[in-house]
Amino acid sequence: MARITASVYTSHVPAIGAAMDHGKDHEPYWQKLFDGYEFSRQWLKDNTPDVIFLVYNDHANAFSLSMIPTFAIGTAPHYPIADEGWGPRPVPAVEGDSVFASHIAQSVIQDDFDLTIVNEMAVDHGLTVPLSLMCGKTDAWPCRVIPFAVNVVQYPVPSGRRCYELGKAIRRAVERYDEPLNVQIWGTGGMSHQLQGPRAGLINREWDNAFLDRLIADPAGQADMPHIEYVREAGSEGIELVMWLIARGAMADANGGPAPHVAHRFYHVPASNTAVGHLILENPS
Amino acid sequence: MARITASVYTSHVPAIGAAMDHGKDHEPYWQKLFDGYEFSRQWLKDNTPDVIFLVYNDHANAFSLSMIPTFAIGTAPHYPIADEGWGPRPVPAVEGDSVFASHIAQSVIQDDFDLTIVNEMAVDHGLTVPLSLMCGKTDAWPCRVIPFAVNVVQYPVPSGRRCYELGKAIRRAVERYDEPLNVQIWGTGGMSHQLQGPRAGLINREWDNAFLDRLIADPAGQADMPHIEYVREAGSEGIELVMWLIARGAMADANGGPAPHVAHRFYHVPASNTAVGHLILENPS
Amino acid sequence: MALDKPYKDIPGTVIFDAEQSRMGYWLNQFCMSLMKAENRARFLADERAYLDEWEMTEDQKQAVLDRDLNRCVQLGGNIYFLAKIGATEGKSFQQMAGSMTGMSEEDYRDMMVSGGRPIEGNRYTHEWEKK
Amino acid sequence: MALDKPYKDIPGTVIFDAEQSRMGYWLNQFCMSLMKAENRARFLADERAYLDEWEMTEDQKQAVLDRDLNRCVQLGGNIYFLAKIGATEGKSFQQMAGSMTGMSEEDYRDMMVSGGRPIEGNRYTHEWEKK
Ligand SMILES: [Fe+3]
Ligand SMILES: [Fe+3]
């Protein structure tokens, strides 16, 4: 059967992609950030999965206001790179896994999550920046990717609890799959940031670190935090952090198994307007 | 506050729309069918709501395979009529209710239903044929309509239980709305029919009538019937009947109130390939 | 353990699940294109040329050219999508459904008027294998 | 009882809910159109003419012409959509976000490098009213 071996959490600031694409990653401003991912790049080389189930949000690129899915799973064979307004990022297109993604969709829908199935979708920095951070510059991503987009743009977004329960359902789906796949689940977005209004630039280092602590040690408790606290304490765009709970809910301990091993933890301010948080959690094998 | 006063259930065969549009409704073949809606047309004149929350399914018109939402709520101000391949039906465009629909979307998403919000959508016979059956030929529909589309085309479709629970959440949403609106909820599609393969033409009169009986008297029990029974007993397209459970779940008795009054019941075979079932249930006021 | 597909045990019926949908993706998307009057006209003017614009298999194209809806369904077509081929020629859903049963149009219509195909003997595949 | 909107009590912040989305629908859809290079070029060539193709209010058009992003947000714009106006001119997210704070580009950048805007005093609207 397929297994979730690890989860990865990381912010996904567009400026990080731009820094890499324009060769600025060794400038002092960016070097401090990329240093925090040096371990991770080696770790991913040593622990390359067959498939990454990548939870992220679209930023008005694949989805406009004409149709806003709460949860959308990509079941396409591949995904082009979105032109977000600056031209498409010069990174490889993303190869999907239609068969496995459809299996997960079926299982999760039968577990009462009302997914939207998507077969034609360009992927934006929400998906490509985490890949770039973890893989560096590359001509081909190291494995297949199943994009899973969460609406965190128009309110109401799904609750932390709903996201956490969805993670559990994804784990059940993975374990019902006959092929012996090594699967990682990534939760992306956040941490504290606000991109709009006179309060733009908000950063809450203390809150972010408390979130990381609790995500590791008490994810079920974290799942019950209401949205308003994310928005007030971590900025209007800090709400992206609910997506991390999907990945966290898919780990063994959320499903009656042992606690994960913290392989890596990193926190840095700023990347452009944003606090960058990053975790790698491994399931005991 | 807004209130759900009644629910209406009806099949939605495209040929019914064609018969009306081409003035064939007084031919003997069709007259028997339309006779069963004579009561209903008068009833709707006497009980015109402010808004109809119309649960239906799209038949590869608004949604292709590029994006398949399990549940999609229309929050647009209006909806054009789809060209399903024969040209658009000559019926009025549908006026929506953006504010009320958005309110319902917010409430239902916060109740853990993962809706897709849709603002640009053509509506097909799944929505217009029930309106035509209930309103007759008209230059303007009698009230605003909130289209609610359910995926019953690509498996897996939502379970009967999920649909019934969704109905309850819609009722809660309606009752949380401050405006004193008179709201009806309609469940459409079905009854037994199969449009494909060597088994096409299947009709199961006994099963259909047992479904109607049970929908009235024991909807919670009906909600637990697995999909396979719909498909085996009522044909591959008979699965549309799960949508009736959404409307039924929004009635008072599903939410601790009194049982509904059966204002009208009708059953007829055939309309083209399909068994036509029709119910009007009123909530005691 | 893989997911259960109990609906494989219904005779004369293909349930449109993710597997069928994947197989029939471009066949169905081709059908969607017939929602536009201009595409209907182009298709009717030169079916082969129009079909060649789509990433369909040769089998799928041939099944469309043959108007073999059963074959189209086996190759991943869904009836709501396929109906747009019939609509392009002015065919009704009843004509299309009937064409898949091996019955004449008249016999199928008569069967429907007399109450439709009965459920007895049509629930499980083994009931058809006996025939 | 109407639904609760506790997020109205956060200073300097507009949460993009259904109400804002409805108000800003065409403003945001106009922004989406700037994802295509040809539309970006047309917009830059004649902003007013391009805006007049959209069902936007005069206030919304003026706010775009003025590059007044705070006003755009109040009129229903969402920052991810509005960012495409900045992208069209080669502006970064940091320049856009900074422009909404009343700070100079340099001051905003310096604030971010020094750890960002602190949370103290920035949680509730009443904290700003005192200022
Ligand atoms: Fe983001
Ligand atoms: Fe139907």
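Only this structure's heavy atoms are used, side chains among them; waters, hydrogens and symmetry mates stay out. We name chains A, B, ... by the order of the sequence lines, and we start the count at 1 in each one.
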Fill in the blank from the handout: Rounded to the nearest 0.5 Å, the CD atom of A/Q106 sits from the CD atom of B/Q154 at a distance of 9.5 Å
Exercise for the section: Check whether any side-chain heavy atom of A/E120 lies under 4.5 Å from a side-chain heavy atom of B/S64, and answer yes or no. Expected result: no
Practice task
State whether the side chain of A/N119 and the backbone N or O of B/L65 hold a donor-acceptor pair below 3.5 Å, judged by distance alone.
Solution key: yes
Practice task
Decide side-chain contact (heavy atoms from CB on, under 4.5 Å) for B/R162 and A/D114; before the verdict, give the C-alpha distance in whole Å, the side-chain angles of both, and the deciding distance to 0.1 Å.
Solution key: CA-CA 9 Å; B/R162 184 74 179 154; A/D114 315 311; 2.7 Å; yes
Exercise for the section: Output the option from A/A105, A/S66, A/P158 having the highest count of non-hydrogen pairs under 4.5 Å with chain B. Expected result: A/S66
Problem - Value rounded to 0.5 Å, distance of CG in B/N151 from OG1 in A/T116 - result: 9.0 Å
Problem - Heavy-atom check, side chain of B/F63 versus side chain of A/M67, under 4.5 Å - result: yes
Handout entry: The single option from A/L115, A/I117, A/T75 passing side-chain contact (heavy atoms from CB on, under 4.5 Å) against B/I68
Key = A/I117
Practice task
State, with a plain yes or no, whether a side-chain heavy atom of B/T70 is found less than 4.5 Å away from one of A/I109.
Solution key: yes
Handout entry: Segment of A/S159 engaging chain B (4.5 angstrom heavy-atom cut-off)
Key = side chain
Exercise for the section: Using a cut-off of 6.0 Å, state whether more than 12 heavy atoms not belonging to A/R3 lie near its atom CZ. Expected result: no
